[in-house]
J.: 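Sharing a structure below in structure tokens format, with a few things to ask.
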Amino acid sequence: MLVLTVIHGPDEGTEFRLPDTEPQLIGRSSEALPITDNTVSRRHAELTPDSGTWYIRDLDSQNGTIVNGVAIKGRIRLEDGDEIRVGSSVFLFGSDEEQIALRSAVRVTSDQEIETEIEARMISSEDSYVGVGLEPSEYAVEHLRVIYALTALTAQIVNKRELLDAVMNLVFTEFRPDRGVVMIPGATPDAPLVPGVIRYANPPTTEEDARIHVSRTILAAAMEGEGVLSTNAMTDPRFESGDSVQQYQIRSAICAPITFGDQAFGAIYIDSSTVHHAFTRDQLALLNAIGQHTGLAMANADEHLKRVNSERMAAIGETVASLSHSIKNILQGLRGGADVVEIGMKKNDLTIAKNGWGILHRNLDRIVALTMNMLAFGRKLQLDLELTRVNGIADECAELLEKQCAEKNIILIVDSDPEMPPIAVDASLIHQALMNLMSNAVEAVEPGAGVVTVRVVFHESKPDSKKPGQMTRPFIEIGVIDNGPGISQDKLAWIFEPFNTTKGLKGTGLGLAVTRRIIAEHHGAIRVESPPGKGATFRVLLPADLDTQLDPSATTNKQADASESIGLRITGG
């Protein structure tokens, strides 16, 4: 049974059993795990099982979810021994036995428990790369080879846990120790070091073989930036009777700091029975260098996280400013309409009140559209595919716009084949996308002279002129055409970007961004054509081949190449 144990925070010591098939919510809501930490968001993070593997994702919490010291983005897999920080609480994830094994696998001992002989000390910043075991030139080449391999690893990894795993794999390849552990700081600044990564050359056969004894004195020296080469033996009286056993318990060990500047990220400890081989000063210098490069990579990971958070906060600020501006304009419209209604009521004039209600109604529609676009823009879309006739969706949107068209005295025409076959789409999202395009066209045309045409056409599969012997895939094309003033060429490049609008105070800049995202989720494409002064035409292309429809369980936010999905070369937009 997997458990989630609170190791720091108001509920320290509390354990939560994790059923194999039931997702678990961390937060303060009634359906979440019962914790008393008020710094945790109501719906903070979600744990989800999947065929025996557990995943965690942050639910847009205020302070984020941190796993092993790194703020997570998206959904990540959990491993036994992972530490999860939410608010001021820290959870330890893992099975009962494995959590106990992880904590007990490393024992920090006093000088009285281990007889330690210090053979060499070396400050990690010393450039003592020339050793006595090899010629200087040979050692330099070997050293550079290892550091090059380490640099190649650390340059690709920003997750601290993955980084330490990769470093330990490299250390075992190059040093060939029997056992090794990376000790990292605990959940709080004053907490003792805890094992972050443990590795064995061969699976231990006994509990004593599995336990790694690390001298507290040597570990303290490493945390002060000093690497130590030592030989130690257990002083337990049980080993006094047999010389061979005593000999086997004598181990050669290296402990090197993981530091960058004055910041200590932990220590790398490896040991080996002296029967196998003893480590050298050269290897101490090399492990010190590995610790330095690992510390640099850890510092880079921290800076990357800070930069991402800074950019995220900047984006949030820009988003809030843009939305506040749009909402303020809508609220002004609502207030103006309410004032007109109030005047009509005071004068008992129904005509004035009706005019005010029209203003209110239009601005209510605007805030509903803004809210729907915000929801679609701000969350991961999960498609609910069903066979749908797209021409029917276009007819529904036209019905909703009838009143607005009548008020402007414009014409809205839907031209589609009533026998058009259904295709697999998310009907509600396609409705939202078409509503955005059609309402934009209605708003763009001139009152009394405007014409908006929505043309829905089914294109059957046919021989591909660009690929002899192959067929193009069938697709549906939806064209929204208006005779308005059009879009200037300098604005065409960014009309699909969020919070950019051509409507001035009337627009929010989210409608077209959301529309493009919805179409992309359906593996389609959207393009725009707008000759100067001749209106605008938006064309939506949706694949109609049921054999290649998107699996709703594997949706992504990446736009598919429309050229491949429907057999066309798409340009513009």
Side-chain angles (χ1 to χ4, degrees), residues 1-37 39-61 63-106 159-162 164-165 168 184 186-187 194-200 203-204 207 210 379-385 550-557:
M1 173 68 74
L2 288 168
V3 296
L4 201 63
T5 306
V6 184
I7 59 175
H8 178 75
D11 306 289
E12 185 172 345
T14 303
E15 291 188 354
F16 300 102
R17 303 280 174 170
L18 302 178
D20 294 337
T21 58
E22 298 179 15
Q24 300 294 315
L25 179 67
I26 298 177
R28 292 184 290 104
S29 65
S30 57
E31 67 269 26
L33 298 175
I35 59 176
T36 60
D37 187 352
T39 63
V40 174
S41 299
R42 187 173 178 275
R43 294 176 58 84
H44 200 111
E46 183 182 48
L47 295 161
T48 308
D50 186 357
S51 303
T53 301
W54 281 80
Y55 296 84
I56 186 171
R57 66 185 180 99
D58 184 68
L59 300 178
D60 296 325
S61 62
N63 298 319
T65 301
I66 299 172
V67 178
N68 298 325
V70 179
I72 63 173
K73 295 179 64 178
R75 182 171 177 256
I76 70 166
R77 185 176 66 181
L78 286 172
E79 303 285 354
D80 287 302
D82 281 346
E83 291 188 1
I84 305 166
R85 176 182 286 275
V86 293
S88 60
S89 295
V90 179
F91 296 84
L92 183 65
F93 171 84
S95 65
D96 296 23
E97 294 180 358
E98 289 178 344
Q99 282 194 31
I100 295 172
L102 182 67
R103 293 287 174 171
S104 61
V106 177
N159 181 283
K160 288 185 177 180
R161 179 184 178 84
E162 295 177 3
L164 294 178
D165 274 330
M168 186 58 86
I184 59 175
V194 296
V197 177
I198 297 176
R199 193 82 79 248
Y200 299 94
E207 183 178 339
R379 62 180 171 87
K380 178 177 175 60
L381 299 180
Q382 296 289 341
L383 301 187
D384 183 12
L385 299 181
L550 184 63
D551 181 356
S553 67
T555 57
T556 70
N557 287 331

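In this chain, residues are counted from 1 in sequence order. As a basis for the values below, the full set of heavy atoms in this structure was taken, side chains included, without hydrogen atoms, waters or symmetry mates. The model shown is predicted, which means the values in this text are computed figures rather than measured ones.
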J.: Are R28 and H44 packed together at the side-chain level, in the sense that at least one heavy-atom pair is separated by less than 4.5 angstrom?
T.: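 Counting from C-beta outward, R28 and H44 never come under 4.5 Å.
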J.: R77 and D82: which non-hydrogen atoms are nearest, and at how many Å?
T.: O-OD2, 4.3 Å
J.: Drop me the distance from T48's OG1 to L78's CG, to the nearest 0.5 angstrom.
T.: 9.5 Å
J.: Distance check, rounded to the nearest 0.5 Å: I56 atom CD1 versus I72 atom CD1?
T.: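 Going from the CD1 atom of I56 to the CD1 atom of I72 covers 5.0 Å.
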J.: Report the distance from atom CD1 of I76 to atom CG of D58, rounding to the nearest 0.5 Å.
T.: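 Nearest 0.5 Å value for the CD1-CG distance: 10.5 Å.
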J.: Looking at residues at least two apart in the chain, or sitting in another chain, which of them share a salt bridge (charged side-chain N to carboxylate O under 4.0 Å, His left out) with D165?
T.: R199
J.: If you compare all heavy atoms of P23 against all heavy atoms of T21, which two are closest, and at what distance to 0.1 Å?
T.: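 P23 and T21 have their closest heavy atoms at CD-O, 3.8 Å.
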J.: Mind checking the CG-CG spacing from L47 to L33? Nearest 0.5 Å is all I need.
T.: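 One finds 7.5 Å between CG of L47 and CG of L33.
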J.: Compare every heavy atom of F93 with every heavy atom of E79, then report the nearest pair and how far apart it is.
T.: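 That closest heavy-atom pairing would be O-CD2, 3.4 Å.
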J.: If you define the side chain from C-beta out and look only at heavy atoms, does anything of F91 sit under 4.5 Å from I35?
T.: yes
J.: Ignoring hydrogens, what is the shortest heavy-atom contact between P49 and D20? Give both atom names and the distance.
T.: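 Residues P49 and D20, closest heavy atoms: CB-O, 3.2 Å.
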J.: How would you list, by chain and number, every residue that makes a salt bridge (charged side-chain N to carboxylate O under 4.0 Å, His left out) with R42, sequence neighbours excluded?
T.: none
J.: Let's go through N68 and L164 carefully: what are the C-alpha distance in whole Å and the side-chain angles of both, what is the deciding distance for side chain to side chain contact (heavy atoms under 4.5 Å, CB included) to 0.1 Å, and is it a yes or a no?
T.: CA-CA 11 Å; N68 298 325; L164 294 178; over 6 Å; no
J.: With rounding to the nearest 0.5 Å, note down the distance linking CG in L18 to CH2 in W54.
T.: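 Nearest 0.5 Å value for the CG-CH2 distance: 4.5 Å.
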J.: Tell me every residue that passes side chain to side chain donor-acceptor pair (under 3.5 Å) with R75, counting only those two or more places apart in sequence or in another chain.
T.: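 If we apply the side chain to side chain donor-acceptor pair (under 3.5 Å) test to R75, skipping adjacent residues, there are no hits.
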J.: Does T65 reach the side chain of I26, with side-chain heavy atoms less than 4.5 Å apart?
T.: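 T65 vs I26: side chains apart.
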J.: Which pair of heavy atoms, one from T5 and one from V3, lies closest together, and at what distance?
T.: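 Closest heavy-atom pair between T5 and V3: OG1-CG2, 3.9 Å.
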J.: Considering all heavy atoms of both residues, which atom of T39 and which atom of D37 are nearest to each other, and what is their separation?
T.: OG1-OD1, 2.6 Å
J.: To the nearest 0.5 angstrom, please state how far the CG atom of L92 sits from the CD atom of E15.
T.: 9.5 Å
